[in-house]
K.L.:
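Before I ask anything, here is the structure I am working with.
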Amino acid sequence: MDSPLNGSPDGTPKGTPNGSPHDRPHGDPPETPYLELLARGAPAEAYERPGLLARAERAPAERLAALERAKLLALRVRGELEGRRRREAELSALFETAHDLAGLRDLDAVLQAIVQRARSLLGTEAAYLTLNDPTAGDTYMRVTDGSVSARFQQLRLGMGEGLGGLVAQTARPYVTDSYFDDPRFQHTRTIDAGVSDEGLVAILGVPLLLGSNVIGVLFAADRRVRVFEREQIALLASFAAHAAVALDTANLLAETRTALAELEAANEIIRDRSGVIERASEVHDRLTELVLRGGGVRDVAAAVAEVLSGSVEFLEADRAPAEALDRSRADGHAVRHGDDWIAAVSAGGELLGALVLHGHPRLDPVDQRTLERAAMVTSLLQLARRSAGEAEQRVRGELLDDLLDAPDREPRLLRERAARLRADLDAPHVVLAAAIDAPRATAGPEAATEPEDAADRQRLWSAASHLAATRQGLAAARDGGTVLLLPLAGGDSADALARRTARQLGTAVHAPVTVGASTPVAAPAARPAEVAVSYAEARRCLAALRALGRAGEGAAAEDFGFLGLLLAGTRDGAPDGTRVRDFVTRVIGAVVEYDARRGTGLVRTLDAYFASGMSPARTKDELHVHVNTVAQRLERVGRLLGDDWQSPARALEIQLALRLHRLTGAVDIEC
């Protein structure tokens, strides 16, 4: 059964609401209500209630005195219990801090936990930690908890300035119950502004010591006047000691990690250097073996690819990236191009191609040198192959010379000689005339038009011979330049071949090369006389390109439109009817065919239109038709010939084609 002194949490005895004397016998021990308050952990003010109730009940003086003695004893016990609980919480916090230090991984997290625990146990509104900066000669804010001012969080204190500067300078704790009224330390405008911004009044600061050196200060602060007890100063000093250990441990760990990282990096460099040296030695041995046994360019590329663990290929000069190739040739080193590396393959001032290492954006200097050495070996192999092939090229040149100078040669013998050179003279071929157009640097204005010197001609012939060999064609030096007889692949055209050849030869000799091309020769072996005629046509085309300011380009007679008829000249002393018909067909063939199929009069309408000065009104009078009929016919012509058929250049070609169409005997269908 509950004791009559058992009461509510506020100390009111159980029973009737007003705790009447009938429910409270005066014979109970006076300690009983206070023991119950202690058991419940009641607040201090609750201990006044039993005495007040006894006085209200007019208890005897002895009873009141006994209750007062019991209250004092209970409050003393309560204070002891509170102190023990507080000490237990402090020890627990210190233990947790020590545990954090034992497993230190993140210094910021440990320092933040120390500041938070200090603030919590001391019951302050803010806590913060500053560290000394030996370089700047001041202290700076490292960690804060409970701070609301950005200016305060970025505050720096000079040594001896403010309370923190004084602690850092003297290595002793300092406490003030009212910061702005305390004259013991030096006030500065910056520090006072930061403290005022934060609203701090009472501040306690203890030093962070490593041996006898102060490395920082730990603070606890309130925004009201407060007196810090000795136990609180000691507790904050304990946290400061832990913070100093954390900083020292972190520094040692950082130094250890740095040393380990440096050692690992040194070991990695040594391992890498050893691997690079081994690879360089291996590549040197393999390249030497390739040269001795007469290996080819592909063998070199394969060997380098295996050693460098990448993809390596040899590209002709015209297929390699021009800008990177020029830089590599000028510097004499491999250069980076995107994720690739380009090493120029050159000899005697002539660009032979490039070795390209794919997919290696970062290349070790030794590996880069390996690629450069491979490019040098490739140039030696190319020169050796060229020397061996020059005899074959001379044979090719002799065969082409015979086609040009002795058109009466027996076709069977020509075919046999061509077969030995892997050339098929029964397939369509194009004759090309090529010449270097780069003026010499020391020449005057007149010298720029002189024929190329011997070195230029030799380089051009060498490049042309190499190109002819790769295309199963023929090449020879002639008339201060070179002449080539190249097969025409299906779907290709003479002008496209001329442009491509000019680009390839120009890249190879590193100078502008102009190339003029003839119309295709159906079968040079069957009609050898046409080769000489085509060569003359190609030379006229070359001269026309130079005259038109198109030096360094390639073109064929058909590329000049109706001017191609003039360049083509005559064959067998008479106009070439086939060439004329081809021109007419190319220019207005679609209109002629439409008239033939539909029985219309578009050709006659075109004649009248141009004869009338391109006036639809005068054209309808010439044809005796309505002007709408003229407009409809001209619209049909536009669909057949293209929207630009009335442009000056196209109109000139169309008028010439119409006149040639009449001269060849074609019959217009009447309207």
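FYI, the numbering just counts along the sequence from 1. Please read all numbers here as calculations on a predicted model, not as lab measurements.
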K.L.:
Regarding Arg329 and His510, is there a side-chain donor-to-acceptor distance under 3.5 Å anywhere?
P.N.:
yes
K.L.:
Distance alone, cut at 3.5 Å: any donor-acceptor contact between the side chains of Gln646 and Tyr609?
P.N.:
yes
K.L.:
Return the minimal non-hydrogen interatomic distance between Ala517 and Leu432, and the atom names on each side.
P.N.:
CB-CD2, 4.0 Å
K.L.:
Under the 3.5 angstrom rule, does the side chain of Thr507 hit a backbone N or O of Arg503 as a donor-acceptor pair?
P.N.:
yes
K.L.:
Mind running salt bridge (Lys or Arg N to Asp or Glu O under 4.0 Å) on Arg500 and Asp492 for me, showing each step along the way?
P.N.:
CA-CA 11 Å; Arg500 188 165 60 250; Asp492 206 353; 2.5 Å; yes
K.L.:
Where is the tightest heavy-atom contact between Leu467 and Thr501, given as atom of each residue plus distance?
P.N.:
CD2-CG2, 3.8 Å
K.L.:
Do other residues, nucleotides or ligands put more than 12 heavy atoms under 6.0 Å from Asp331 CG?
P.N.:
yes
K.L.:
May I have the step-by-step check of side-chain contact (heavy atoms from CB on, under 4.5 Å) for Leu640 and Arg636, ending in yes or no?
P.N.:
CA-CA 6 Å; Leu640 293 172; Arg636 173 63 62 183; 4.2 Å; yes
K.L.:
Identify the heavy atoms of Asp401 and Arg478 that sit nearest to each other, and give their distance.
P.N.:
OD1-NH1, 3.1 Å
K.L.:
Is a side-chain N or O of Arg327 found less than 3.5 angstrom from the main chain of Arg336, in a donor-acceptor match?
P.N.:
yes
K.L.:
Considering non-hydrogen atoms only, spot the tightest contact between Ala494 and Pro520 and give its length.
P.N.:
CB-CD, 4.4 Å
K.L.:
Measure from the side-chain N and O atoms of Asp479 to the backbone N and O of Gly481, and report whether any donor-acceptor pair falls under 3.5 Å.
P.N.:
no
K.L.:
Is the backbone N or O of Ala334 less than 3.5 Å from a side-chain atom of Glu372, with the two atoms forming a donor-acceptor pair by type?
P.N.:
yes
K.L.:
To the nearest 0.5 Å, what is the distance between CD on Glu653 and CD1 on Ile588?
P.N.:
11.5 Å
K.L.:
Would you please name every residue forming a side-chain contact (heavy atoms from CB on, under 4.5 Å) with Ser328, sequence neighbours left out?
P.N.:
Val335, Ala344
K.L.:
So does Ala538 get a backbone contact from the side chain of Ser518, meaning a donor-acceptor N/O pair under 3.5 Å?
P.N.:
no
K.L.:
Check whether Glu622 reaches the backbone of Ser612 with its side chain - one donor and one acceptor, N or O, closer than 3.5 Å.
P.N.:
no
K.L.:
If you measure only the distance, is there a donor-acceptor pair under 3.5 Å linking the side chains of Thr605 and Arg633?
P.N.:
yes
K.L.:
Quick one: CD on Glu593 to CZ on Arg597, what's the gap to the nearest 0.5 Å?
P.N.:
5.0 Å
K.L.:
Could you grab the distance from atom CG of Leu652 to atom CZ of Phe610, nearest 0.5 Å is fine?
P.N.:
9.5 Å
K.L.:
Check Arg550 against Thr514 and note the closest heavy-atom contact, atom names and distance.
P.N.:
O-CG2, 4.3 Å
K.L.:
I want to check something: taking the side chain as every heavy atom from C-beta on, are Leu325 and Leu351 in contact at a cut-off of under 4.5 Å?
P.N.:
yes
K.L.:
Applying ring pair (Phe, Tyr, Trp, His ring centres under 6.0 Å), can you list everything that pairs with Tyr535, at least two apart in sequence or on another chain?
P.N.:
none
K.L.:
With distance as the sole test, does Asp437 use its side chain to make a donor-acceptor pair with the main-chain N or O of Ala551 at under 3.5 Å?
P.N.:
no
K.L.:
Rounded at 0.5 Å granularity, tell me how far CE in Met614 sits from CG in Leu634.
P.N.:
9.0 Å
K.L.:
Atom CD1 in Ile654, atom CZ in Arg650: separation rounded to 0.5 Å?
P.N.:
5.0 Å
K.L.:
Could you report the tightest heavy-atom contact between Pro512 and Gly552, atom names first, then the distance?
P.N.:
CB-CA, 4.0 Å
K.L.:
Could you check Leu485, Val531, Leu488 and say which one makes a side chain to side chain contact (heavy atoms under 4.5 Å, CB included) with His429?
P.N.:
Leu485
K.L.:
Could you state the interatomic distance from CD (Gln504) to CZ (Arg499), rounded to the nearest 0.5 Å?
P.N.:
13.0 Å
K.L.:
Does the side chain of Val312 reach to within under 4.5 Å of the side chain of Leu355, using non-hydrogen atoms?
P.N.:
yes
K.L.:
For residues 508-519, which residue pairs pass the salt bridge (charged side-chain N to carboxylate O under 4.0 Å, His left out) check, not counting sequence neighbours?
P.N.:
none
